[in-house]
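Worksheet: the structure to be examined is printed underneath.
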Amino acid sequence: MPELPEVETTVRGLAKVLLGRELRRVELRRADLRRAFPAGLGQRLTGARVTRLGRRGKYGLIGTDRGDTMVFHLGMSGKWRIDPKEIGPHDHLLLETDEDLIVVLNDPRRFGSVDLVPTAELDDWGPLAELGPEPGDISTADLRERLRGRAAPIKSLLLDQRIVAGLGNIYVCEALHRAHINPKRSAGRLSPASAERLADAIRDVIGEAIEAGGSTLRDYARPNGELGYFSKRFAVYDREGQPCLSCEAPVRRIVQGGRSTFYCPKCQR
DNA sequence: AGATATTCCTGGAGGC
DNA sequence: TGCCTCCAGGAATATC
């Protein structure tokens with residue numbers, strides 16, 4: 001589920017109920033997700049006050065007044081449920097606030113992660129330090145510089161979080177379609193005009209998706225915590241064989257680096 | 001450097 | 001209805 005816009009929407013939803021609150025109770029309902037929960041997570045969070053909700057790439061950040069920041073990644077199936085009616089089998093981490101409100105990290109596939117990092121060291125913490133720029137900030141010049149000399153297909157490189165942080169399979173496909181770039185094109189061989197269209201497309205696609213996610217914030221508080229993608233807005237993703245929204249040629253699906261790529265062979269040459 | 005495969009998991013979709 | 005296979009929004013790791 002989660003790429004950057006979904007994480008951003010999640011963080012905004014969590015901010016409404018967590019920001020400024022004291023965490024009265026922390027319950028670990030299992031010992032690990034992708035990795036073990038950090039040692040002492042419960043003790044270090046219990047009694048702490050939440051001072052910040054943030055995001056970097058696909059990582060969500062929950063800062064506390066104890067000098068720690070909880071860093072979460074939602075993996076493939078992670079989501080936060082706000083004030084659920086009941087706790088289910090995939091509810092792995094539970095936070096209860098001083099307003100008696102419960103938020104739960106739910107992740108059936110358990111590809112997600114939770115870490116606790118000293119806030120002062122956050123920017124230097126390995127996984128965050130390696131991330132490329134935020135897609136909302138990417139400039140044409142910066143993007144060109146990062147792609148320069150790279151022979152790999154542009155699709156594959158855009159999935160690399162060190163190039164641009166936060167893009168996933170869906171929004172990479174969508175951005176390339178908007179920019180009229182063939183996903184197989186060698187990244188370092190993009191024309192300046194193409195690179196500019198790509199930087200614009202990345203900014204626009206992500207911006208619109210956040211905006212769309214933002215409009216579901218009201219619904220976010222539902223106990224099932226479903227966010228959902230605005231799939232009707234996808235021009236190519238998961239639309240194999242269906243007509244391209246621009247030119248009506250059938251959308252094609254190929255596999256690159258083991259991941260599905262959807263594109264329009266006519267618009268994206 | 002790049003490409004490919006594999007791994008971690010569960011659940012939903014579709015075939016028979 | 002049930003059983004099977006395949007596939008999925010991520011990302012680290014190994015191997016050629």
Side-chain angles (χ1 to χ4, degrees), chain A residues 1-11 29-37 55-60 71-81 88-93 104-115 125-132 135 146-177 183-189 202 205-206 208-210 212-213 216 224-241 253-262:
Chain A
M1 184 172 180
E3 297 183 29
L4 185 155
E6 290 68 38
V7 179
E8 178 64 28
T9 303
T10 295
V11 162
R29 299 181 54 80
R30 58 174 297 124
D32 59 74
L33 292 179
R34 176 184 204 43
R35 307 186 300 270
F37 284 128
R55 179 193 59 72
R56 178 75 175 95
K58 298 175 195 170
Y59 291 89
V71 183
F72 66 85
H73 194 293
L74 297 175
M76 292 275 263
S77 60
K79 65 194 76 71
W80 283 92
R81 306 204 300 148
H90 303 304
D91 292 328
H92 307 307
L93 174 64
V104 172
L105 179 59
N106 175 283
D107 186 2
R109 291 177 71 179
R110 305 206 299 271
F111 287 179
S113 63
V114 171
D115 291 281
W125 183 62
L128 295 188
E130 301 234 331
L131 293 177
R146 288 167 183 279
L147 300 179
R148 195 169 54 133
R150 302 294 299 267
I154 183 64
K155 160 73 189 319
S156 302
L157 280 192
L158 288 179
L159 283 177
D160 184 337
Q161 303 296 296
R162 295 169 296 189
I163 305 288
V164 183
L167 298 181
N169 207 27
I170 293 178
Y171 295 112
V172 166
C173 291
E174 293 297 313
L176 287 171
H177 178 260
K184 292 178 281 191
R185 172 64 65 63
S186 166
R189 297 220 165 94
I202 289 171
V205 163
I206 291 296
E208 287 171 29
I210 288 175
T216 62
N224 61 17
E226 282 172 16
L227 275 176
Y229 283 84
F230 278 67
S231 47
K232 61 185 166 193
R233 307 190 81 168
F234 297 157
V236 287
Y237 183 79
D238 203 23
R239 295 192 63 240
E240 181 180 14
R253 173 184 178 272
I254 60 175
V255 175
Q256 294 176 287
R259 312 286 303 276
S260 287
T261 298
F262 299 89

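Lettering follows sequence order; numbering is per chain, from 1. Quick caveat: nothing in here was measured; it's all calculated off a predicted structure.
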[N] [atom2] sits how many Å from [X] [atom1], rounded?
| X | N | atom1 | atom2 | answer |
| --- | --- | --- | --- | --- |
| Arg162(A) | dG10(C) | CZ | P | 16 Å |
| Gln161(A) | dG10(C) | CD | C1' | 8 Å |
| Asp107(A) | dC9(B) | CG | P | 12 Å |
| Asp238(A) | dG12(B) | CG | C1' | 13 Å |
| Met76(A) | dC8(B) | CE | P | 15 Å |
| Leu4(A) | dG10(C) | CG | P | 11 Å |
| Asp160(A) | dG10(C) | CG | P | 13 Å |
| Arg110(A) | dT7(B) | CZ | P | 17 Å |

**Prompt:** For atom P, what is the distance between dC9(B) and dC3(C), given to the nearest Å?
**Reply:** 24 Å
**Prompt:** If you measure from the P atom in dC6(C) to the same atom in dA5(B), how many Å do you get, rounded?
**Reply:** 15 Å
**Message:** Testing the basics here: between Pro2(A) and Gly78(A), what is the closest heavy-atom pair and its distance to 0.1 Å?
**Reply:** CG-O, 3.9 Å
**Request:** Check Leu158(A) against Leu167(A) and note the closest heavy-atom contact, atom names and distance.
**Result:** O-CB, 3.8 Å
**Request:** Could you pull out all residues at least two apart from His73(A) that satisfy ring pair (Phe, Tyr, Trp, His ring centres under 6.0 Å)?
**Result:** Tyr59(A)
**Message:** Check this for me, if you would: do Arg81(A) and Asp91(A) make a salt bridge, where the nitrogen-to-carboxylate-oxygen distance has to be below 4.0 angstrom?
**Reply:** yes
Using the test side-chain contact (heavy atoms from CB on, under 4.5 Å), find all partners of [X] that sit at least two apart in sequence or belong to another chain.
| X | value |
| --- | --- |
| Arg253(A) | Glu240(A), Val255(A), Ser260(A), Phe262(A) |
| Glu130(A) | Arg162(A) |
| Pro153(A) | Ser156(A), Gln256(A) |

For [N], take OP1 and OP2 only and decide whether either is under 4.0 Å from a side-chain N or O of [X].
| X | N | result |
| --- | --- | --- |
| Lys58(A) | dG9(C) | no |
| Arg259(A) | dG10(C) | yes |
| Tyr171(A) | dG9(C) | no |
| Arg109(A) | dC7(C) | no |
| His90(A) | dG11(B) | yes |
| His73(A) | dA11(C) | yes |
| Ser260(A) | dA8(C) | yes |

**Prompt:** To the nearest 0.5 Å, what is the distance between CD1 (Ile210(A)) and CD (Glu8(A))?
**Reply:** 5.0 Å
For the pair [X] (side chain) and [Y] (backbone), establish whether a donor and an acceptor sit closer than 3.5 Å, ignoring hydrogens and angles.
| X | Y | result |
| --- | --- | --- |
| His92(A) | His90(A) | yes |
| Glu3(A) | Lys58(A) | no |
| Arg30(A) | Asp32(A) | yes |

**Asked** When Watson-Crick pairs (N1 to N3 and N6-O4 or O6-N4) and G-U wobble pairs (N1-O2 and O6-N3) count only below 3.5 Å on both distances, what is the dot-bracket string of DNA chain B, with | for other-strand pairs?
**Response** .|||||||.|||||||
**Message:** Nearest to the Arg253(A) side chain among dT10(B), dC7(C), dG10(C), which nucleotide is it?
**Reply:** dC7(C)
**Asked** Among dG10(C), dA8(C), dG9(C), which nucleotide sits nearest the side chain of Ile170(A)?
**Response** dG9(C)
**Item:** pi-stack flag for Phe111(A) and dG10(C), centroid dist under 5.5 Å, interplanar under 30°
**Value:** yes
All N/O contacts under 3.5 Å from nucleotides 2-5 of chain B to the protein, with atom names and distances to one decimal?
| residue | atom | partner | partner atom | Å |
| --- | --- | --- | --- | --- |
| dG2(B) | OP1 | Ala151(A) | N | 2.5 |
| dG2(B) | OP1 | Ala152(A) | N | 3.2 |
| dG2(B) | OP2 | Arg150(A) | NE | 2.7 |
| dG2(B) | OP2 | Arg150(A) | NH2 | 2.8 |

**Message:** Need one value for Arg35(A): base, sugar-phosphate or nothing, where a base atom within 4.0 Å counts as base even if backbone is also close, heavy atoms only.
**Reply:** nothing
**dA11(C) base / Arg34(A) side chain donor-acceptor hit below 3.5 Å** = yes
